[in-house]
Participant: 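One structure coming up, written as structure tokens, with questions to follow.
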Amino acid sequence: MIKRLLVVESPGKVKKLSQILGSDWKVLASCGHIRELSNEGDDSLGFVMDGSNVRCNYVPRDQRAKETIQKLKSAVRQVDEVVLATDPDREGETIAWHLKETLGLKEPKRVIYTEITASAVQSAIANPRKLDQNLIGAGLCRDCLDKLVGYKGSPLVWALNNGAKSVGRVQSATLHLICQRENEILAFIPQDYWSVWVDYAEGFRAFYKGTVDSAKDAAEQETETHDDAKVGNTTETPESKRVLSEAEATRLVEEAQRHPHKVIHFEGKIVNRQPPPPFTTSSLQQAAGSKLRFAPDKTMIVAQKLYEAGLITYMRTDSVMLSPEFCASARKWLEQNDPQNVPQQVAKHRSSKSAQEAHEAIRPTDVFRPSVQLRLKLPDDEFNLYVMIWKRSIASQCRAAQLRKTLVITQSGSLLWSARGQVIEFYGYARYWNNLSKDSVLPSLQQGQALKLGNAGHEQKQTQPPPRYSEPKLVQLMERKGIGRPSTYAPTVATLKKRNYVELKKDHLQPTALGLEVDAFLLKALPDLLEAEFTAKMEDALDAISEGKNSWQHYLTSWNQNYFVPALSKAKTVVASSSTGKAHVITERKYETSKTRCPECKNFLAKIPTTKVKKKYFLKCTKGCENVVLFWSDFNKTWQPPQAKTVQAENQQKPPVKMTAYPCPVCKKPLEEYSYIKEGQSKTMLRCSNPQSRKETKHKDVAYFSTPKGWWSPKFGALNC
């Protein structure tokens, strides 16, 4: 007999949790958020700010959410107790509150677990708590902030009439980072320089370091950090102190050839390299991007499947903490399989200041689970990500790696030369997570030892512009600058690509002409919104709300009144001046040139990006020839103008409108049958009969299509009589 109901977010967890809890429980999923702010009220915000109070109007997200709500309400009536087990973060707490409000639950029990295992789930059920109103407040505030910025800010870029679709609190600040780097690359002027070196018969190369008489350089600090966004373990090619002319480089080579060489300093020492911390959301996305070539959103999708299968802990976290139980289990595994790697004391790692320490880092739920079995059960992407998480977790519990580093400084005349070597003495954690540079062996030398010069020379080089960000590097930068939080990194990058503001070229993110235009405009219209520090302060404010240090309604209303309203007012003057020609905010767009010439002026046509055609661009003349537009024909394998309407089609009368008895789901006016032609076929749909209503945003999804089972809408579902 089912007596208790457990409500989770993801349907993927239902089967596993049902097996753990047994026949006394019914497990149902909310399928994420079930409600969202409505599109009613001023600017379709769905909430009203009155003084320091905020009144929100929530509606079901879509037809599926409506059906889910009805299913949950029916289940609630059949059980004695309802337990909410949404995800263990701010967003999960907010979803739990929406469930409480929608289902009419008075004091629902809230349970938290970070892994779907029998022990973790049963322990959570035995120790329920009340809903955390502070976390809920932070979640509601974030929803309102994002909609406020998006709905109030986006019309500014619509006025540019260039295809720009949106402005976002996190999105725009992230786009600015990419555009800033692009502008640095465009402004970069390369400079020539020379690297000067000597080869010794003893078997090593040294590089020009300076002169004996010159002021001593500051001691070179070799700092090695665990960079998860770095591809491979290679080190940068060693170079000499930069020489700025070929004549000077030639003079140094000649002087090296004239004078004898000897060792004036030889230093060898053992250096410990501490193991990396276990994965957070950010470092997982970085490592999966650099090692597995996963986009951030793909990493999270695959990790979600592993979590739902009970294989890893919750994948949205900024904590590097591991439970004592896991640490003991990992130590036991090392004692049985790699006893030399058992440390006397495990390295301690610090989480970020904003990390929720109640959470754990991302780790496997069972370190002893044989990978051979998983290899047979899991798809390649899931298996590869699981193995990466397993290796990183074990590595964090190992001994430090030991490196023997060597520094040699030689002298010829007044010139100094240096060489560095490194040999891995003990791999330690690197047996599982190898981020060490390859061995570079120097011979054993002694102070004052004479050396035989084999060769001397120089190599011309050129300074390089800063590189564009890869997706892992961008996530790393967002985390370091405080832009967004673990749950927003992946969707933010995905949104920028979807909006055609950035594109991925050779594994690096490059802003499109549209992205650069939007950023240049916002830099004048809403400059604060682009600053990482400004966005980071907003994230800090949300964290303060989640800790109970501030009222979310007071923060939202004061932020809007004191900053956003005046900023928008000023921004609208920028839009007005740009449209009247008094200020030129947007530079002329630069498009990639095609090899096809304009049939009228014979200039090369420009490639105009668009997501609406298969080739992702069409051709257009930008030299003054109006209406010269060509589209690619797969059938003819040529560029062709769009098919013109025939005179018969133009003169053909539109079929009479047929009214139906079905009411519009938005305004309740009758729906009409509308006939149209798509891909050469006649089709019919139902739409609102009021032409003015059809122009409204809330009517855009009022479209019912004919199916064998009757009229059906992607937004509103089946049309019942």
Participant: Counting C-beta onward and ignoring hydrogens, is there a side-chain heavy-atom pair between Thr317 and Pro486 closer than 4.5 Å?
Facilitator: no
Participant: Apply side-chain hydrogen bond (donor to acceptor under 3.5 Å, both in side chains) to residues Gln171 and Ser166 and explain how you reach the verdict.
Facilitator: CA-CA 9 Å; Gln171 171 200 133; Ser166 66; 3.2 Å; yes
Participant: Could you check if a side-chain atom of Arg90 sits within less than 4.5 angstrom of a side-chain atom of Ile136, using non-hydrogen atoms only?
Facilitator: no
Participant: Taking the side chain as every heavy atom from C-beta outward, state whether Leu156 and Lys572 have any pair of such atoms under 4.5 Å apart.
Facilitator: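 Leu156 reaches Lys572 side chain to side chain.
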Participant: Within the side chain of Tyr662, is there an N or O that forms a donor-acceptor pair under 3.5 Å with the backbone of Glu672?
Facilitator: no
Participant: So, the side chain of Ser290 versus the backbone of Ala287: is there a donor-acceptor pair under 3.5 Å, distance only?
Facilitator: yes
Participant: May I ask you to test the Cys664-Ser693 pair for a side-chain heavy-atom distance under 4.5 Å?
Facilitator: no
Participant: Has the side chain of Lys147 got a donor or acceptor atom that lies under 3.5 Å from a matching backbone atom of Leu37?
Facilitator: yes
Participant: Return yes if a side-chain donor-acceptor contact under 3.5 Å exists between Glu93 and Thr86, otherwise no.
Facilitator: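 Looking only at side-chain atoms, Thr86 and Glu93 do not form any donor-acceptor pair under 3.5 Å.
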Participant: Taking ring-ring contact (aromatic ring centres under 6.0 Å, His included) as the test, write out the residues that go with Tyr469, two or more places apart.
Facilitator: none
Participant: Under the 3.5 angstrom rule, does the side chain of Ser558 hit a backbone N or O of His554 as a donor-acceptor pair?
Facilitator: yes
Participant: I want to check something: taking the side chain as every heavy atom from C-beta on, are Met49 and Cys144 in contact at a cut-off of under 4.5 Å?
Facilitator: no
Participant: Does the Thr535 side chain pair with the main chain of Ala173, one donor and one acceptor, at a distance under 3.5 Å?
Facilitator: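 No.
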Participant: Do Gln304 and Glu308 have side-chain atoms, one donor and one acceptor, less than 3.5 Å apart?
Facilitator: yes
Participant: Would you check if there is a donor-acceptor pair between the side chains of Asp519 and Gln180 at a distance under 3.5 Å?
Facilitator: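 Note: Gln180 and Asp519 side chains miss the donor-acceptor criterion.
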Participant: Looking just at side-chain N and O atoms, do Glu503 and Gln510 make a donor-acceptor pair shorter than 3.5 Å?
Facilitator: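 Judged by distance alone, the side chains do not pair up.
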Participant: Which distance, rounded to the nearest 0.5 Å, do you find between the CG of Leu477 and the NZ of Lys473?
Facilitator: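 With rounding to 0.5 Å, CG (Leu477) is 9.0 Å from NZ (Lys473).
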Participant: State, yes or no, whether a side-chain contact exists between Cys141 and Leu542 at a heavy-atom distance under 4.5 Å.
Facilitator: yes
Participant: Would you kindly say whether Glu91 and His33 are connected by a side-chain donor-acceptor distance under 3.5 Å?
Facilitator: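 A donor-acceptor contact under 3.5 Å links the two side chains.
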Participant: For Lys607, which residues count as a side-chain hydrogen bond (donor to acceptor under 3.5 Å, both in side chains) partner, sequence neighbours excluded?
Facilitator: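 Partners of Lys607 by the side-chain hydrogen bond (donor to acceptor under 3.5 Å, both in side chains) criterion come out as none, since no residue qualifies.
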Participant: Is a donor on one side and an acceptor on the other found under 3.5 Å between the side chain of Arg181 and the backbone of Pro467?
Facilitator: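 A pair under 3.5 Å: yes.
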Participant: Taking the side chain from Asn183 and the backbone from Cys179, do they hold a donor-acceptor pair closer than 3.5 Å?
Facilitator: yes
Participant: Is a donor from one side chain sitting under 3.5 angstrom from an acceptor on the other, for Asn500 and Thr512?
Facilitator: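 Short answer, no.
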Participant: Output all residues satisfying side-chain hydrogen bond (donor to acceptor under 3.5 Å, both in side chains) with Lys100, sequence neighbours left out; order by chain, then residue number.
Facilitator: none
Participant: For a side-chain contact (heavy atoms from CB on, under 4.5 Å) check, start with the C-alpha distance between Ile34 and Thr102, then their side-chain angles and the critical distance, and finish with the verdict.
Facilitator: CA-CA 9 Å; Ile34 57 168; Thr102 306; 3.7 Å; yes
Participant: Taking the six-membered ring for Trp, is the centroid-to-centroid distance between Trp559 and Phe564 below 6.0 Å?
Facilitator: yes
Participant: Do side-chain atoms of Ser689 reach the backbone of Pro670 as a donor and acceptor pair under 3.5 angstrom?
Facilitator: yes
Participant: Using the side-chain contact (heavy atoms from CB on, under 4.5 Å) rule, take Tyr58 and Glu101 through it: C-alpha gap first, then chi angles, then the decisive distance, then the call.
Facilitator: CA-CA 10 Å; Tyr58 293 101; Glu101 295 293 306; over 6 Å; no
Participant: Is a side-chain N or O of His508 found less than 3.5 angstrom from the main chain of Lys506, in a donor-acceptor match?
Facilitator: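 Yes: the side chain of His508 pairs with the backbone of Lys506.
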Participant: Strictly by modelled atom types, are Tyr314 and Asp89 linked by a side-chain donor-acceptor pair under 3.5 Å?
Facilitator: yes
Participant: side-chain hydrogen bond (donor to acceptor under 3.5 Å, both in side chains) for Asp227 and Gln286? Distances and angles first, verdict last.
Facilitator: CA-CA 9 Å; Asp227 186 353; Gln286 292 170 44; over 6 Å; no
Participant: Using the side-chain contact (heavy atoms from CB on, under 4.5 Å) rule, take Leu509 and Arg468 through it: C-alpha gap first, then chi angles, then the decisive distance, then the call.
Facilitator: CA-CA 6 Å; Leu509 291 164; Arg468 294 186 177 98; over 6 Å; no
Participant: Output, in order, the C-alpha distance, side-chain angles, deciding distance and verdict of side-chain hydrogen bond (donor to acceptor under 3.5 Å, both in side chains) for Ser283 and Thr280.
Facilitator: CA-CA 5 Å; Ser283 57; Thr280 61; 3.1 Å; yes
Participant: Can a cation-pi geometry be assigned to Lys298 and Phe294, taking NZ or CZ under 6.0 Å from the six-membered ring centre and within 45° of the ring axis?
Facilitator: yes
Participant: Short question: side chain of Ser546, backbone of Asn134 - any donor-acceptor pair under 3.5 Å?
Facilitator: no
Participant: I want to check something: taking the side chain as every heavy atom from C-beta on, are Leu686 and Tyr674 in contact at a cut-off of under 4.5 Å?
Facilitator: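 A side-chain contact is absent here, since even the closest heavy-atom pair is not under 4.5 Å.
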Participant: Evaluate Leu145 against Tyr555 for side-chain contact (heavy atoms from CB on, under 4.5 Å), listing each step before the verdict.
Facilitator: CA-CA 10 Å; Leu145 265 177; Tyr555 171 75; 3.9 Å; yes
Participant: With a 6.0 Å cut-off on the ring centroids, do Phe534 and Tyr563 count as close?
Facilitator: yes
